[in-house]
Amino acid sequence: MNTKEILQRFEETADVYLQSLERFTMEQLTRKPEEAQWSIGQMYMHLINSALYMHLRNAETCCNSNKLSFTGAEKSEAGANVFAAGSFPPVAIHVPPSKEYTPLQPESKEQISSGLRAVISTMRELEPLLAANPGPAACPHPRFGPLNGLEWFQLVEMHYRHHFMQKERLEALIS
């Protein structure tokens, strides 16, 4: 997939999240099925924050630097599998609750909506830069190994699509 196709697919995916958001009250968005599980609002915040502060930041860093390369380093087996398939495997990934990883509850629906729109806007800004200069630079992903700018960009769309499974499960619990 090229950058324009990735962006189009992401915009379609993000639109599903935006449309779904309108159906929920803040009470529904912040309701947790169990103490150790995220609310649907926390899932939204996770998607926004991981895209803005990790995935897209690394895509931009790779795009603007030829100094970040991992000579001889290759993707992990999990990373190679995800990019070969073009998606995450359809399994839930459970990370123990922690101050560093567990997203905060959203303050408002507007916070979520503006966050999703900020991700869309950043994707639109980065797309022509990555199309013109995918470059050899790479930044390490904690599970997938070194990823170049295009892969970080693609990871945003794959990550949002992966969370559809969690979104559906949480929606069923709060409806």
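What you are looking at is a predicted structure, and each value in this text was computed from that prediction instead of being measured.
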**Prompt:** Roughly how far, to the nearest 0.5 Å, is CG of Asn148 from SG of Cys62?
**Reply:** 6.5 Å
**Request:** Give a yes or no on whether the backbone of Glu11 and the side-chain of Asp15 come within a donor-acceptor separation of less than 3.5 Å.
**Result:** no
**Prompt:** Should His141 and Met54 count as side-chain neighbours, where that means a heavy-atom distance under 4.5 Å?
**Reply:** yes
**Prompt:** Does Ile48 share a hydrophobic cluster with Leu104, counting links as ILVMFWY side-chain heavy atoms below 4.5 Å and allowing steps through other members?
**Reply:** no
**Request:** Inspect the contact between Glu5 and Arg9 and indicate whether a charged nitrogen and a carboxylate oxygen are less than 4.0 angstrom apart.
**Result:** no
**Prompt:** What are the two closest non-hydrogen atoms of Pro106 and Met26, and how far apart are they?
**Reply:** O-CE, 3.5 Å
**Prompt:** Going through the checks in order, is the side-chain contact (heavy atoms from CB on, under 4.5 Å) test met by Val16 and Phe164?
**Reply:** CA-CA 9 Å; Val16 170; Phe164 277 157; 3.7 Å; yes
**Message:** Using the rule given for side-chain contact (heavy atoms from CB on, under 4.5 Å), can you reason through Phe88 versus Leu155, listing the C-alpha separation, both sets of side-chain angles and the distance that settles it, and then say yes or no?
**Reply:** CA-CA 9 Å; Phe88 287 78; Leu155 191 62; 3.7 Å; yes
**Message:** Rounded at 0.5 Å granularity, tell me how far NZ in Lys167 sits from CD in Glu171.
**Reply:** 3.5 Å
**Prompt:** Ser39 and Gln105: side-chain hydrogen bond (donor to acceptor under 3.5 Å, both in side chains), yes or no, with the steps?
**Reply:** CA-CA 8 Å; Ser39 69; Gln105 291 281 15; 2.7 Å; yes
**Asked** So with a 6.0 Å cut-off around CD of Glu107, is the heavy-atom count from everything else above 12?
**Response** no
**Item:** Donor-acceptor contact below 3.5 Å, side chain Glu60 vs main chain Arg57
**Value:** no
**Message:** Main chain of Ile174, side chain of Gln28: is a donor-acceptor contact present, judged purely on distance under 3.5 Å?
**Reply:** yes
**Item:** Test item: Ser121 side-chain N/O and Arg117 main-chain N/O as donor-acceptor pair under 3.5 Å
**Value:** no
**Asked** Do other residues, nucleotides or ligands put more than 12 heavy atoms under 6.0 Å from the CZ atom of Arg169?
**Response** yes
**Asked** Taking the inter-plane angle between the rings of His163 and His159 on a 0 to 90° scale, is it parallel (under 30°), tilted (30 to 60°) or perpendicular (over 60°)?
**Response** perpendicular
**Request:** Compare every heavy atom of Met43 with every heavy atom of Trp38, then report the nearest pair and how far apart it is.
**Result:** CE3-CA, 4.0 Å
**Prompt:** About how many Å separate CG of Asn58 and CG of Leu147, when rounded to the nearest 0.5 Å?
**Reply:** 8.5 Å
**Request:** Starting from the C-alpha separation in whole Å, work towards a yes-or-no answer on side-chain contact (heavy atoms from CB on, under 4.5 Å) for Gln37 and Gln166.
**Result:** CA-CA 11 Å; Gln37 293 182 349; Gln166 180 183 18; over 6 Å; no
**Message:** Nearest 0.5 Å, please: how far is CD1 in Ile6 from CD in Glu151?
**Reply:** 9.5 Å
**Request:** Search all heavy atoms of Ser76 against all heavy atoms of Arg143 and return the closest pair with its distance.
**Result:** OG-O, 2.7 Å
**Message:** For residues Val156 and Phe153: do they belong to one hydrophobic cluster (side chain heavy atoms under 4.5 Å, members Ile, Leu, Val, Met, Phe, Trp, Tyr)?
**Reply:** yes
**Prompt:** Any donor and acceptor pair, going by atom type alone, linking the side chain of Glu157 with main-chain N or O of Gln154 inside 3.5 Å?
**Reply:** no
**Prompt:** According to a 4.5 Å side-chain heavy-atom criterion applied to Ile, Leu, Val, Met, Phe, Trp and Tyr, with indirect links allowed, do Met123 and Met45 form part of one hydrophobic cluster?
**Reply:** yes
**Request:** Identify the two heavy atoms, one from Leu116 and one from Leu18, that lie closest to each other, and give their separation to 0.1 Å.
**Result:** CD1-CD2, 3.7 Å
**Request:** For the pair Ser113 (side chain) and Lys109 (backbone), establish whether a donor and an acceptor sit closer than 3.5 Å, ignoring hydrogens and angles.
**Result:** no
**Prompt:** How long is the gap from CD1 on Ile120 to CD on Glu125, to the nearest 0.5 Å?
**Reply:** 12.5 Å
**Hphob cluster co-occupancy, Leu126 + Met158, side-chain heavy atoms under 4.5 angstrom** = no
**Request:** Say whether, by atom type as modelled, one donor and one acceptor occur between the side chain of Asn133 and the main chain of Leu129 under 3.5 angstrom.
**Result:** no
**Asked** Met165 and Phe10: same hydrophobic cluster, using ILVMFWY side-chain contacts below 4.5 Å?
**Response** no
**Prompt:** Hey, is CD on Glu27 packed in by over 12 heavy atoms from elsewhere, all under 6.0 Å?
**Reply:** yes
**Asked** Hey, does the side chain of Tyr17 reach the backbone of Tyr160 with a donor-acceptor pair shorter than 3.5 angstrom?
**Response** yes
**Request:** Could you go through the side-chain contact (heavy atoms from CB on, under 4.5 Å) check for His46 and Gln42 one step at a time?
**Result:** CA-CA 6 Å; His46 164 72; Gln42 286 175 292; over 6 Å; no
**Message:** With rounding to the nearest 0.5 angstrom, report the OH to CG distance, Tyr44 to Leu21.
**Reply:** 5.0 Å
